[in-house]
Amino acid sequence: MTTVVGIDLGTTNTVIARDGKVLPIKQAGGEFPTLPSIVAFTPAGKQIVGRDARKRVPIDPENTIASSKRIIGRDWSSSEIAEYRQRYGAVVVNDQKRGPVFKTRAGNKSPTDIASILVREALLGAGLVPHATKAVITVPAAFDNMQRAATEIAGRQAGLAEVALLEEPVATALAHGASKNVRYAAVYDIGGGTFDLCVLDCQLWPIGILAHGGDLFIGGDDFDEAIAAD
């Protein structure tokens, strides 16, 4: 029997929901509604994900990948890659065949690889069988075709039976039933890595995006950094 879920593959945290309810994800220490979007590769050869991986950010930054969504689907020459390399401890190099990859003790891992690991870990932690699960993965409205394609590939690499993408502001409007109550809606999305504003026509089906704008480097990471530096 196939299960259908929604996945918020976030810059900071990943969440899975089914039938309007967030599914708890088993991790060290219990079950939690979110999985920190962090993957670490330890000296012992282990791959750890989530809360335990987050503990390794200050002690092994070169092998602990955080906020990789910020550069998924980006070219080596892009400003996002340059900014990520300047601000994060993970080592990003240019693979001639694969493009930007993280250089780790476990080998080179692309941002798509990291996203795939996160999706699979979240599914298994929620008690779901990837190949028996269909998923809708949300993406920022500002994502271009390359970023969307890389996200879809990550879902398929994770073993999902079927992957569809949905813009995050549209998902927000659907969750709040906006199409039943209003004609137009403005949705602000301040996430771990992005700030987006979208204007939606909620009377269209599917809900239409009339205009959108934002910045992939204004979000929770940036607020934390600014507070720490103050």
Side-chain angles (χ1 to χ4, degrees), residues 1-40 47-55 57 64-73 109-141 143 147-178 187 189-194 196 206-207 216 219-221:
M1 184 175 180
T2 302
T3 301
V4 181
V5 299
I7 301 177
D8 179 3
L9 181 57
T11 303
T12 306
N13 291 290
T14 295
V15 181
I16 294 185
R18 180 177 62 196
D19 299 327
K21 296 181 180 179
V22 172
L23 300 180
I25 299 172
K26 289 184 180 179
Q27 299 168 72
E31 293 185 339
F32 304 89
T34 62
L35 175 75
S37 300
I38 303 174
V39 179
Q47 172 186 291
I48 57 178
V49 183
R51 280 167 170 73
D52 279 350
R54 186 167 58 190
K55 298 174 184 176
V57 171
T64 306
I65 315 303
S67 300
S68 59
K69 179 179 176 178
R70 289 189 138 172
I71 58 172
I72 193 169
K109 307 290 182 180
S110 71
T112 300
D113 294 335
I114 299 301
S116 174
I117 292 169
L118 292 169
V119 170
R120 186 170 181 83
E121 184 73 16
L123 290 167
L124 295 175
L128 300 171
V129 179
H131 69 261
T133 304
K134 297 180 180 180
V136 176
I137 301 178
T138 57
V139 295
F143 261 24
Q147 291 167 298
R148 291 167 190 259
T151 303
E152 183 175 353
I153 290 170
R156 296 191 182 281
Q157 282 186 193
L160 286 166
E162 189 174 313
V163 181
L165 303 180
L166 181 66
E167 291 85 357
E168 290 165 0
V170 175
T172 299
L174 290 172
H176 290 277
V187 178
D189 181 359
I190 303 178
T194 61
D196 289 322
I207 291 175
L216 293 176
D221 278 9

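Please read all numbers here as calculations on a predicted model, not as lab measurements.
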For this session: For residues Val15 and Pro33, report the shortest heavy-atom separation together with the two atoms involved.
Result: CG1-O, 3.8 Å
Exercise. Would Thr172 and Asp189 satisfy side chain to side chain contact (heavy atoms under 4.5 Å, CB included), going step by step from the backbone distance to the final call?
Worked result: CA-CA 9 Å; Thr172 299; Asp189 181 359; over 6 Å; no
Problem set entry | Side-chain heavy-atom pair Val119, Ile7 within 4.5 angstrom cut-off | yes
For this session: For residues Pro140 and Arg148, report the shortest heavy-atom separation together with the two atoms involved.
Result: O-NH2, 3.9 Å
Problem set entry | Heavy-atom side-chain contact between Pro36 and Asn13 under 4.5 Å | yes
Exercise. Counting N and O atoms only, with roles assigned by atom type, does the side chain of Arg70 sit under 3.5 Å from a partner on the main chain of Thr11, one being a donor and the other an acceptor?
Worked result: no
For this session: First locate atom CD1 of Ile114, then atom CD1 of Ile65, and finally report the distance between them rounded to the nearest 0.5 Å.
Result: 5.5 Å
For this session: Scan side-chain atoms only and decide if Ser116 and Asp113 contain a donor-acceptor pair under the 3.5 Å cut-off.
Result: no
Exercise. Can you name the nearest heavy-atom pair linking Pro130 to Ala158, along with the distance?
Worked result: CB-O, 3.5 Å
Exercise. Do Gln147 and Val139 come within less than 4.5 Å of each other through their side chains, counting heavy atoms only?
Worked result: no
Problem set entry | Nearest-0.5 Å distance that lies between atom CD1 in Ile16 and atom CD1 in Ile25 | 5.0 Å
Problem set entry | Least distance between heavy atoms, Ala135 atom then Leu160 atom | CB-CD1, 3.7 Å
Exercise. Can you tell me how far CD1 of Ile117 sits from CD1 of Ile38, rounded to the nearest 0.5 angstrom?
Worked result: 13.5 Å
Problem set entry | Which atom of Pro169 lies closest to which atom of Ala141, heavy atoms considered | CG-CB, 4.0 Å
Exercise. Checking salt bridge (charged side-chain N to carboxylate O under 4.0 Å, His left out) for the pair Arg156/Glu152: CA distance, chi angles, key distance, verdict?
Worked result: CA-CA 6 Å; Arg156 296 191 182 281; Glu152 183 175 353; 3.3 Å; yes
Seminar exercise, completed: Output for pair (Arg54 CZ, Thr12 OG1), nearest 0.5 Å, gives 9.5 Å
Exercise. Atom OG1 in Thr194, atom CZ in Phe143: separation rounded to 0.5 Å?
Worked result: 8.0 Å
Exercise. Hey, does Ile72 have a side-chain heavy atom less than 4.5 Å from the side chain of Thr112?
Worked result: yes
Exercise. Is there a side-chain contact between Val163 and Thr151 (heavy atoms, below 4.5 Å)?
Worked result: no
Seminar exercise, completed: What one should report as the nearest heavy-atom pair of Ala154 and Ala115 is CB-CB, 3.6 Å
Problem set entry | Validation row: Val187, Glu167 side chains within 4.5 angstrom (heavy atoms) | no
Exercise. Is there a donor-acceptor pair closer than 3.5 Å between any side-chain N or O of Lys69 and the backbone N or O of Leu9?
Worked result: yes
Exercise. Taking C-beta and beyond as the side chain, do Leu128 and Arg18 meet within less than 4.5 Å on heavy atoms?
Worked result: yes
Exercise. With a 4.5 Å heavy-atom cut-off, do Leu35 and Gln27 have their side chains touching?
Worked result: yes
